[in-house]
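Notes follow the structure.
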Amino acid sequence: MPRIAKYDFKKIAKRWQDSWEAFFRVETNNPGRKFYSLNMFPYPSGVLHVGHGRNYIIGDAIARFFKMRGYNVLNPMGFDAFGLPAENAAIENKTHPREWTIANIEGMKKQFHEWGIIYDWDREIRTCEPDYYKWNQWLFLQLYKRDLAYRSDALANWCPGCETVLANEQVIDGHCERCDSLVEKRKLTQWFFKITQYAEQLLNDLQHLEHWPERVKKMQQNWIGRSEGVEIDFFIETPLRHGEGNPHPTPSPLKGEGRGEGREGGQGIRSLRVFTTRPDTIFGVTFMALAPEHPFVEEFIAQEPDASRKEEIKAFVQKALQQGEIARSAATVEKESVFTGRYAINPVNNQKIPIYIANYVLMEYGTGAIMGVPGHDARDFEFAQKYKLPIVRVIENDESKGEVGAAFEGEGWLVNSGEFDGLSSREAFRKIGEALQSRGLGRFAVKYRLRDWLISRQRYWGTPIPIVHCEECGIVPVPESELPVKLPDLPFIGKKGLADISEFYQTRCPQCHGPAKRDTDTMDTFVDSSWYYLRYISPNDGERAFDSEAVNKWLPVDQYVGGVEHAILHLLYSRFFTKALRDMGYLAFDEPFTRLFTQGMVEHVSYRCPEHNWIHPNEVGESAQCPHCGRPLKIELNKMSKSKRNTISPQEVIDQYGADTERLYTLFMGPPERDIEWTEEGVRGSFRFLNRLWTLVLAQARKISPSPHPSPWKGEGVNPAEFTEREKRVWQKLHQTIKSVTEDIESFHFNTAVSAIMELTNELIVYVNEPPKKINQALMKRALEDLVLILSPFTPFVCEELWRRLGHADAVLEQSWPGYDEEALVGTEREIVIQVNGKLRDRLSVPVAISEDRAELEKRALAQIQSRLDGKQIARVIVVPGRLVNVVVKEP
RNA sequence: GCCGGGGUGGCGGAAUCGGCAGACGCUACGGACUUAAAAUCCGUUGGGGGCCAACCCUCCGUGCGGGUUCGAGUCCCGCCCUCGGCACCA
């Protein structure tokens with residue numbers, strides 16, 4: 001017998017690499033049975049490692065699978081090409097960010113090609129090109145027209161490392177998500193998108209996203225942070241004047257008309273508005289507290305007659321402001337405060353309540369002022385203890401009685417609450433709210449944690465904001481006909497923004513044509529990625545951002561695949577854009593992504609030397625010593641990253657084992673949603689499998705005469721009625737495998753799909769080598785063909801080659817996905833488990849017909865294990881048809 | 001603190017409408033082939049015991065403690081650990 005040619009993955013890759021693209025070119029005009037498969041587009045930061053590959057390999061497998069199932073698959077790719085790293089790299093290499101970006105894009109496209117990942121490159125998007133960012137500007141203007149984009153001075157998150165402001169979403173534990181610098185609050189005039197206008201919808205519509213991971217929805221829900229409560233106005237006592245004895249009698253709020261928060265005439269501040277989610281605890285209020293930034297603070301200071309107290313308050317406020325809101329908002333910070341010398345009146349019982357300024361009260365949330373209820377709020381309790389304020393219990397339940405060491409934050413019934421005594425917390429919430437509302441002293445309100453999206457960035461490499469500042473006309477939007485406002489194409493000038501380039505900002509006012517200044521900020525790059533999935537439908541359209549008609553046919557995206565790190569930022573912004581564009585009439589759907597899959601990270605061992613820091617695994621020998629100083633290295637498991645020096649280059653793997661091996665291992669290594677460790681041994685295992693497959697198919701291929709592959713769901717070419725028992729088992733295994741692989745791919749269980757394919761391969765190898773060596777050629781041909789087809793989304797190169805060697809002239813992607821025959825799944829015999837008292841004791845093989853016959857199964861099972869039952873009394877026999885017989889015996 | 005994942009052999013992980021725990025792969029060990037090694041192939045591989053070996057038998061075993069059930073990795077109650085998100089948000 002002639003030798004089988006070696007599995008030459010390099011030759012095979014070269015042969016088929018360029019042959020597939022045509023299958024993923026789509027006509028967008030006529031979607032037919034469409035499937036929009038989308039991977040989150042990458043930031044072109046350099047070379048991709050095998051961990052990045054996971055995202056794209058999953059996406060490619062899905063696209064190929066749906067293609068074979070007869071869908072018109074749209075699978076585009078592009079580059080999120082604006083952003084800070086390009087600027088930093090450009091400064092380092094003394095080039096222009098564009099050069100660095102383009103070079104990386106070219107490199108990454110080569111990598112996709114090597115991986116056998118197919119996109120419709122005619123639809124490629126690069127967000128740094130004017131023909132893309134022009135539409136960012138257009139979108140900005142649309143939002144501006146509808147008051148969804150506005151300019152405001154606010155305390156913004158300033159990152160000193162990146163020298164720019166950041167959105168709330170980009171601040172992690174008070175640090176910059178990019179460079180980890182401690183973020184400061186600075187008062188700056190900045191552009192915002194009014195995402196809060198959609199807070200309610202963004203929250204509510206989460207429930208319709210059935211095919212999103214639960215945790216992503218939960219994260220968004222937390223982030224939006226809705227709370228229902230009541231806003232309450234507390235009258236403030238007029239301050240004492242010098243020489244006066246008693247303060248003026250306060251107006252009785254229960255009788256008087258509320259006037260809401262604010263000042264009145266020359267009388268100064270009259271009332272203070274707070275927000276609470278627990279109006280039922282209002283009788284327990286023993287202090288009020290303002291945020292140091294609260295507008296009343298200044299006035300209180302001004303009105304303070306006592307000079308030393310005035311200084312005390314001033315000093316405290318200054319210190320708190322310096323500490324900054326971010327630092328102060330950490331739960332670990334000690335509660336500090338100063339008494340203002342002023343009192344408020346509790347509208348429900350006329351009690352006089354001292355007003356404090358406290359560091360733990362945030363201006364950003366609610367009204368910037370709180371009512372302090374130490375009996376029922378842990379923070380207020382801590383505060384009251386420190387400042388020796390009274391703690392009043394106004395809610396009780398069976399558990400809380402007698403307990404006084406802490407705030408009771410649960411629900412119960414009211415006590416010490418006047419006419420509301422005895423009501424449940426819930427009833428009291430409503431009744432107290434209503435009582436306040438009827439007197440004009442309060443109103444039901446809903447607050448969100450979500451803040452508006454700050455989009456201004458003080459950087460060069462981004463989309464210029466299309467606004468002109470004119471001394472005469474004020475803020476003037478650039479007319480749509482003048483878009484794009486292009487980035488000045490100067491040799492890159494280092495760490496400078498547009499504010500340093502007079503050629504850019506000097507302009508004329510579009511309205512009065514007088515001299516004016518362009519806005520010198522650029523947009524957050526998350527603007528770019530909030531709508532790119534719309535642009536893929538008509539990527540070269542010079543007339544509009546996207547073609548609504550076609551977009552409404554192709555979207556929502558059927559399957560979106562990407563990293564969970566975008567659970568909040570990108571995915572929330574995209575949902576916001578979709579809803580805003582829908583309301584403008586451009587889109588006819590509510591949510592951009594029907595199904596979302598978030599793949600886990602790939603981890604790899606990393607070595608750390610106390611002196612030389614991270615050492616690449618390739619430099620580390622068996623002994624795990626530092627190659628520079630010989631010291632023992634600390635071994636850790638970390639996410640693959642350049643900074644930890646533990647990345648694996650796909651090129652290494654492809655050179656040594658081929659792209660199919662990398663793809664197979666990536667999909668097989670573990671459940672795709674979970675983080676998983678990359679190991680060299682695992683890669684070799686996948687390589688071994690492909691070699692075994694190669695040998696099996698080639699050894700048989702020469703015996704098999706070429707003929708067209710039958711259409712699915714039919715047994716053409718094979719005749720199961722004439723199969724031997726052995727052949728029937730092979731046939732059954734084949735159909736079981738097709739079924740489970742199909743279902744596993746649909747549910748993203750690639751690891752078990754691969755293992756099912758391995759089992760089938762093993763079974764076929766056993767069948768081929770079994771002693772009689774009489775192989776049913778028709779069966780074998782069919783089995784190998786189907787095997788190759790169901791493996792092809794995972795390892796397209798080797799499968800294409802094997803498919804051709806099985807005698808086919810047409811491509812794998814032109815084939816239909818194999819179907820399975822329900823009848824073939826069953827087989828002829830079934831194994832029934834025999835248990836005694838629930839423990840496995842024996843097995844019984846019965847014909848399928850009998851496996852459903854309770855009486856017969858019981859009879860046979862008891863006969864088979866009779867010897868075991870000596871002297872024991874049978875109490876009961878449980879029969880599960882098709883599965884088992886459990887004999888319950890009483891021990892003598 | 002709150003919310004959500006997850007805890008199964010030496011390792012990654014299978015099996016959750018309650019019904020054979022450990023599929024598939026890796027590692028390790030033994031054997032075949034080879035002058036030798038690599039590769040490949042065959043076998044063993046959760047732990048303990050039944051004198052050795054084969055076969056077989058048996059007990060224990062899915063984070064911990066209870067419970068429901070003929071039967072629990074799977075369901076219920078109470079904990080522990082771990083990863084992720086949110087967190088002085090009133």
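Below, read A as the first sequence line, B as the second, and so on, with proteins coming before strands; counting in each chain starts at 1.
Note on A/G225: nothing from the nucleic acid sits closer than 4.0 angstrom, heavy atoms only. Contact annotation for A/E759: backbone-only contact, meaning every heavy-atom pair under 4.0 Å involves sugar-phosphate atoms and none involves a base. Contacts of A/E831 with the nucleic acid, taken as non-hydrogen atoms under 4.0 Å apart, include base atoms. Counting non-hydrogen atoms under 4.0 angstrom, A/S227 reaches the backbone sugars and phosphates but no base.
Look at CG on A/L840: it is 20 Å from P on B/G18, rounded to the nearest Å. Computed from coordinates, the A/I568 CD1 to B/G85 P distance equals 9 Å when rounded to whole Å. Atom CE in A/M601 sits roughly 19 Å away from atom P in B/G12 (whole-Å rounding). The interatomic distance linking A/E743 (CD) with B/A15 (C1') rounds to 15 Å, in whole Å. In this entry the distance linking CD of A/E603 with C1' of B/U82 reads 13 Å, nearest Å. Protein atom CG of A/L572 is 13 Å distant from nucleotide atom P of B/C86, rounded to whole Å. In this structure, A/R379 atom CZ and B/C2 atom C1' are separated by 12 Å, rounded to whole Å. Rounded to whole Å, atom P of B/A23 lies 17 Å from atom CD of A/Q736.
A gap of 12 Å separates the P atoms of B/G43 and B/C24, to the nearest Å. Using atom C1' as the reference point in both B/G85 and B/C76, the two lie 28 Å apart (nearest Å). Taking the P atom of each, B/U58 and B/U74 are spaced 24 Å apart, rounded to whole Å. Here, B/C80 and B/G63 have their C1' atoms 7 Å apart, quoted to the whole Å.
Between A/F748 and A/F750, the distance from one ring center to the other falls under 6.0 angstrom. Residues A/F383 and A/F287 bring their aromatic ring centres within 6.0 Å.
Taking 3.5 Å as the limit, the base of B/C20 and the side chain of A/R883 contain no donor-acceptor pair of atoms between them. No hydrogens or angles were tested; on distance alone, nothing pairs the side chain of A/N222 with the base of B/C86 as donor and acceptor under 3.5 Å. Residue-to-nucleotide contacts include no donor-acceptor pair under 3.5 Å from the side chain of A/E681 to the base of B/G25. Side chain A/K335 to base B/C88: a donor-acceptor pair is found below 3.5 Å.
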Pull out every protein N or O sitting under 3.5 Å from an N or O of nucleotides 40-45 of chain B, one pair per line with the distance.
none

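When each of B/G4, B/G12, B/C70 is scored by its nearest atom to the side-chain atoms of A/R876, the top-ranked nucleotide is B/C70. Side-chain proximity of A/M219 to B/A90, B/G12, B/G84: nearest is B/G84. The side chain of A/N762 has B/C24 as its nearest neighbour among B/A87, B/C24, B/G13. Of the candidate nucleotides B/A15, B/C20, B/C24, B/A15 has the atom nearest to the side chain of A/T752.
When all heavy atoms of A/A445 and A/F275 are compared, the pair lying nearest together is O-CE1, 3.7 Å.
A salt bridge does not link A/E763 to A/K733: none of the charged nitrogens lies less than 4.0 Å from a carboxylate oxygen. The pair A/E852-A/R830 counts as a salt bridge, with a side-chain nitrogen and a carboxylate oxygen less than 4.0 angstrom apart.
Look at B/G9: its glycosidic torsion is within 90° of 0, and that puts it in the syn range.
With a 4.5 Å cut-off on side-chain heavy atoms, A/F794 and A/I757 count as touching.
The backbone N or O of A/K335 lies less than 3.5 Å from a partner atom in the side chain of A/K386, making a donor-acceptor pair. In this structure, the side chain of A/R876 does not engage the main chain of A/N886 through any donor-acceptor pair within 3.5 Å.
Here the options are A/F687, A/Y657, A/W678, the test is ring pair (Phe, Tyr, Trp, His ring centres under 6.0 Å), and the partner is A/Y665; only A/W678 passes.
One finds no side-chain N or O of A/N751 lying less than 4.0 angstrom from the OP1 or OP2 phosphate oxygen of B/G25. Under 4.0 angstrom from either OP1 or OP2 of B/G5 there lies no side-chain N or O belonging to A/R215. A close approach under 4.0 Å does not occur between any side-chain nitrogen or oxygen of A/K839 and OP1 or OP2 of B/G61. Side-chain nitrogen and oxygen atoms of A/R841 include none within less than 4.0 Å of the OP1 or OP2 phosphate oxygen of B/C57.
Each of A/Q835 and A/P671 has a nearest nucleotide on RNA chain B; the 5'-most of these lies closest to A/P671. Both A/E214 and A/I878 lie near RNA chain B, and the one whose nearest nucleotide falls closer to the 5' end is A/E214.
Pair assignment for B/G6: B/C81, on the basis of Watson-Crick or G-U wobble contacts that are both within less than 3.5 Å. Remark: B/C56 base-pairs with B/G50. Criterion, Watson-Crick or G-U wobble with two distances under 3.5 Å. Using Watson-Crick or G-U wobble geometry with both donor-acceptor distances under 3.5 Å, B/A72 finds no partner in any strand shown. Pairing for B/C20 is absent, judged as Watson-Crick or G-U wobble with the two contacts each under 3.5 Å.
At most 12 non-hydrogen atoms from other residues, nucleotides or ligands lie less than 6.0 angstrom from CZ of A/R426. Counted within 6.0 Å of NZ on A/K859, heavy atoms from surrounding residues, nucleotides or ligands total 12 or fewer; the atom is thus considered open.
The stretch residues 368-377 of chain A touches RNA chain B through A/I370, each having a heavy atom within less than 4.0 Å of the strand.
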Take A/N762 and A/R692 through the test side-chain hydrogen bond (donor to acceptor under 3.5 Å, both in side chains) and record every step on the way to the result. CA-CA 9 Å; A/N762 291 345; A/R692 272 152 35 84; 2.2 Å; yes
